[in-house]
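Here is the structure we will look at, set down as structure tokens.
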Amino acid sequence: MAANHVQPDRNIALELVRTTEAAAIAAARHMGRGDKIKADQAAVDAMRHMLSGVEMDGLVIIGEGEKDEAPMLFNGEFVGNGEPPHTDVAVDPIDGTTLTAQGQAGAIAVIAVADRGSMFDPGPCFYMEKLAVGPAGVGVVSLDNSVQQNVKDLAQSMGKPASEITAVVLDRPRHEELIAEIRSTGARIALIKDGDVAGAIATAWPESGIDILFGIGGTPEAVITAAALKSMGGDLQGRLWAADELQATQARDQGYDLGKVLGMDDLINTDNCFFAATGITTGDLLEGVKFTSTGMRTQSLVMRSRSGTVRLVEGIHRKSKFDSILEE
């Protein structure tokens, strides 16, 4: 790291949670209205506004980016107030835009920050085959192993039968064969419509009842998830997945190895990373935003990998104060 690059030493996550709270509240105001574009834009605007007050010189590595054609929080944008420390930033103002728009469970607002130069840039690879587990699965499961072997080994490590293992999988046609393989082990399956950041984090959250995540999901979301699981003592492995031959060719031309299993340190190459998430709609991981006569209530997770600290934060926000801050 260059001499003028100061590593973040304070717990920035305690400041970042203000950005996810703002994004979650802004998004929740559009819950169930059927317009995911408006919900996402509201979350992006709120998060971007709050980020401008965070003391850091942040470079967005994982943003709304090309995939969502966003005018703000795009890959390569600088955020924060421009002062040290110098950081990489990964954002997803709504992990679960469809969930939010349809008023369904499990949408969250998330952000991760790490030392400058430490985050994996997925380039043209929007998707990745993923495997996520909590602490009991670290060093036990592998993307190089079969589904059957992974379920068997995880069950043994957790001291329970395979029939009590619960796997979370995105409900997509591409996962039909994967779902059949999981069922053949006798394990239980929790299908989710969207939001695999929350699904992966749930594997390391004792109260969630989720033990392992399988399947193909977003590569940007994998980088964000890595920051959380580093803090929680879990594990995430990924293998880049090209949606078509054109994307595969682009990835290879840019030097990406589509066959390599990427580990946590490939996704974020530092043990000094920060994560914050706030529930938008109530799910297994977090309570969603609740609107009262005077304001809003939020529930968030705040984490730092270096200390291994995971905080559950309840927020009470006065409507008049919150709205005035966003108008500044």
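Residues: numbered from 1 along the sequence shown.
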**OP:** Answer yes when D265 and K230 have at least one side-chain N-carboxylate O distance shorter than 4.0 Å, and no when they do not.
**Re:**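 Salt bridge present between D265 and K230.
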
Original post:
Should R297 and E21 count as an ion pair when the cut-off is N to O under 4.0 Å?
Top reply: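 The answer is no: the pair does not qualify as a salt bridge.
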
Looking at [X], I want to see if its [atom1] is surrounded by more than 12 non-hydrogen atoms of other residues, nucleotides or ligands under 6.0 Å.
X    : atom1 : answer
K290 : NZ    : yes
K160 : NZ    : yes
R48  : CZ    : yes
Q156 : CD    : no
E207 : CD    : yes
R311 : CZ    : no
L258 : CG    : yes
R29  : CZ    : yes

Quick one: do [X] and [Y] end up in the same hydrophobic cluster if we chain Ile, Leu, Val, Met, Phe, Trp and Tyr together by side-chain heavy atoms under 4.5 Å apart?
X    : Y    : result
I268 : M303 : yes
M232 : L312 : yes
V113 : V79  : yes
V302 : I111 : no
L131 : L154 : yes

Atom [atom1] in [X], atom [atom2] in [Y]: separation rounded to 0.5 Å?
X    : Y    : atom1 : atom2 : result
I201 : D284 : CD1   : CG    : 12.5 Å
T309 : R304 : OG1   : CZ    : 8.0 Å
D153 : Q148 : CG    : CD    : 11.5 Å
E15  : M56  : CD    : CE    : 9.0 Å
D323 : R318 : CG    : CZ    : 12.0 Å
T282 : Q104 : OG1   : CD    : 13.5 Å

Subject >> V133: which of N150, V140, I212, D211 passes side-chain contact (heavy atoms from CB on, under 4.5 Å) >> reply: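 Of the listed residues N150, V140, I212, D211, the side-chain contact (heavy atoms from CB on, under 4.5 Å) partner of V133 is I212.
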
Contact summary for [X] and [Y], nearest pair of heavy atoms:
X    : Y    : result
D121 : Y256 : O-OH, 2.6 Å
S184 : E181 : OG-O, 2.5 Å
V151 : A187 : CG1-CB, 4.1 Å
A200 : T225 : CB-CG2, 3.4 Å
A226 : M264 : O-CE, 3.8 Å
G82  : D57  : O-CB, 3.8 Å

Side chain proximity check, [X] to [Y], heavy atoms < 4.5 angstrom:
X    : Y    : value
K130 : E221 : yes
Q250 : D253 : no
I12  : P85  : yes
L170 : H175 : yes
V110 : V91  : no
I280 : M31  : no
F322 : M296 : yes
R172 : D194 : yes

**OP:** For the residue pair E77 and N75, confirm or rule out a side-chain donor-acceptor distance under 3.5 Å.
**Re:**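 Side-chain D/A pair, E77 to N75: absent.
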
Original post:
Can you tell which of D92, T278, T298 makes a side-chain hydrogen bond (donor to acceptor under 3.5 Å, both in side chains) with T20?
Top reply: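 Among the candidates, only T278 passes.
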
Short question: side chain of [X], backbone of [Y] - any donor-acceptor pair under 3.5 Å?
X    : Y    : result
S231 : G308 : no
S157 : A136 : yes
D88  : M119 : yes
S52  : G80  : no
Q237 : L143 : yes
S142 : D144 : yes
R188 : V168 : no
T100 : G96  : yes
R18  : M50  : no
D196 : G199 : no

Subject >> Working for side-chain contact (heavy atoms from CB on, under 4.5 Å), residues V169 and L178 >> reply: CA-CA 9 Å; V169 181; L178 170 63; 4.1 Å; yes

**OP:** Evaluate the criterion side-chain contact (heavy atoms from CB on, under 4.5 Å) for residue pair I189 and I179; output intermediate values, then yes/no.
**Re:** CA-CA 8 Å; I189 300 176; I179 290 169; 3.8 Å; yes

**OP:** Would you check, one step at a time, whether the test side-chain contact (heavy atoms from CB on, under 4.5 Å) holds for D235 with L229?
**Re:** CA-CA 6 Å; D235 189 29; L229 289 180; over 6 Å; no

**OP:** Any chance you could lay out the side-chain contact (heavy atoms from CB on, under 4.5 Å) test for I62 and F120, step after step, and finish with the verdict?
**Re:** CA-CA 9 Å; I62 303 294; F120 178 74; over 6 Å; no

Subject >> Stepwise salt bridge (Lys or Arg N to Asp or Glu O under 4.0 Å) test for R252 and E245 >> reply: CA-CA 10 Å; R252 293 190 189 100; E245 190 53 42; 3.5 Å; yes

